[in-house]
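For reference, the structure discussed in these notes is given below.
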Amino acid sequence: GENVEQHPSTLSVQEGDSAVIKCTYSDSASNYFPWYKQELGKRPQLIIDIRSNVGEKKDQRIAVTLNKTAKHFSLHITETQPEDSAVYFCAASEAEYGNKLVFGAGTILRVKS
Amino acid sequence: NAGVTQTPKFQVLKTGQSMTLQCAQDMNHNSMYWYRQDPGMGLRLIYYSASEGTTDKGEVPNGYNVSRLNKREFSLRLESAAPSQTSVYFCASSLRGLAGVEQYFGPGTRLTVT
């Protein structure tokens, strides 16, 4: 089955700096890669996703890039703000059933003001 | 439109006790999921239901059972709770699609087994 590794486990940045979180996956047949944000004590919520036929996708200050050959994808947050502080999870879809997701272990992002 | 709801929000059990976590969604979604979240381990899938009438095991099904009561409701049962089942449990739902779709999560249930 699919296996997803996520790095780093914690990331501290100064407000206004950029943050990058990286994930690798094992199953070359996976074709959907979402990113979820979880604020303290809250539920995970989707912030951006990408499908395997696209190399990059942007939404205001966040972007995701996908390298299918290397089997890795990354989340980029520019001009970080204190409200970006949260846990971020990457995930990859199971090839057998596309709606089933395998999540990475998460990255705690702290934005210092 | 409440989205995905879960009850209870908090629960403390003694080892060996049983309980059922309830989940309901009002978005007319086909698929529903149960995850557990432990520190440093992300979200791990316990069971899922691709559509009404079907259930399948996820990554960590041992010690749990599920019931897809109807299209709206998906319950998770712990028959004999163990301290290793102390965790935060999230229910989620999604439309059923071929290429991956957004999962909507409930607020979670924090379970402590002593």
Side-chain angles (χ1 to χ4, degrees), chain A residues 1-10 21 23-27 29-54 57 59 64 66 73 86-108, chain B residues 2-7 9-10 23 25 27 29-52 54-61 66 68 74 87-110:
Chain A
E2 178 64 275
N3 183 52
V4 177
E5 294 191 356
Q6 182 171 347
H7 300 280
S9 56
T10 60
I21 303 170
C23 289
T24 60
Y25 61 99
S26 60
D27 190 344
S30 291
N31 56 17
Y32 174 66
F33 307 92
W35 286 88
Y36 284 79
K37 175 184 180 182
Q38 185 180 29
E39 296 176 356
L40 189 63
K42 301 286 182 65
R43 70 191 79 189
Q45 291 190 293
L46 179 75
I47 55 170
I48 195 167
D49 56 15
I50 192 167
R51 300 185 191 280
S52 57
N53 58 345
V54 175
K57 183 176 178 181
D59 182 3
V64 56
L66 172 65
F73 57 112
V87 182
Y88 292 81
F89 294 98
C90 64
S93 62
E94 283 270 1
E96 178 188 350
Y97 174 56
N99 285 8
K100 194 173 152 190
L101 297 175
V102 177
F103 284 84
T107 296
I108 300 171
Chain B
V4 181
T5 56
Q6 292 182 235
T7 54
K9 285 188 168 55
F10 302 94
C23 174
Q25 52 89 11
M27 295 177 284
H29 285 167
N30 310 96
S31 302
M32 298 185 74
Y33 315 82
W34 276 106
Y35 293 92
R36 60 177 289 172
Q37 183 175 30
D38 302 293
M41 302 189 74
L43 294 152
R44 292 184 293 167
L45 184 65
I46 305 170
Y47 271 93
Y48 68 102
S49 171
S51 59
E52 187 178 354
T54 69
T55 59
D56 285 285
K57 293 178 181 179
E59 183 186 352
V60 288
V66 290
R68 183 74 184 265
F74 188 38
S87 188
V88 180
Y89 291 85
F90 286 100
C91 176
S93 71
S94 72
L95 290 169
R96 181 170 185 171
L98 292 177
V101 292
E102 179 176 0
Q103 293 188 13
Y104 293 82
F105 285 81
T109 294
R110 185 173 293 274

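In what follows, chains are A, B, ... by sequence order, proteins preceding strands, each numbered from 1.
- The minimum heavy-atom distance linking B:Q37 with A:F89 is given by the pair NE2-CZ, 3.2 Å.
- Atom CZ of B:R44 is surrounded by more than 12 heavy atoms from other residues, nucleotides or ligands within 6.0 Å.
- Of the atoms belonging to B:E59, not a single heavy atom falls under 4.5 Å from chain A.
- Here the closest heavy-atom approach between residue A:A105 and residue B:G40 is recorded as CB-O, 3.5 Å.
- For A:Q6, no part lies under 4.5 angstrom from a heavy atom of chain B.
- Between A:L101 and B:Y35 there is a side-chain heavy-atom pair separated by less than 4.5 Å.
- If you measure heavy-atom distances from A:P44 to chain B, the contacts under 4.5 Å come from both the backbone and the side chain.
- Heavy atoms of B:L45 lying under 4.5 Å from chain A belong exclusively to its side chain.
- Among the candidates B:A92, B:P107, B:G108, the residue making the largest number of heavy-atom pairs closer than 4.5 Å to chain A is B:P107.
- Neither the backbone nor the side chain of A:F33 has a heavy atom closer than 4.5 Å to any heavy atom of chain B.
- A:Q45 CD to B:E102 CD: the interatomic distance, rounded to the nearest 0.5 Å, is 8.5 Å.
- Using a 4.5 Å heavy-atom cutoff, the side chains of A:K42 and B:F105 are not in contact.
- Minimum heavy-atom separation, B:F90 to A:R43: CE2-CA, 3.9 Å.
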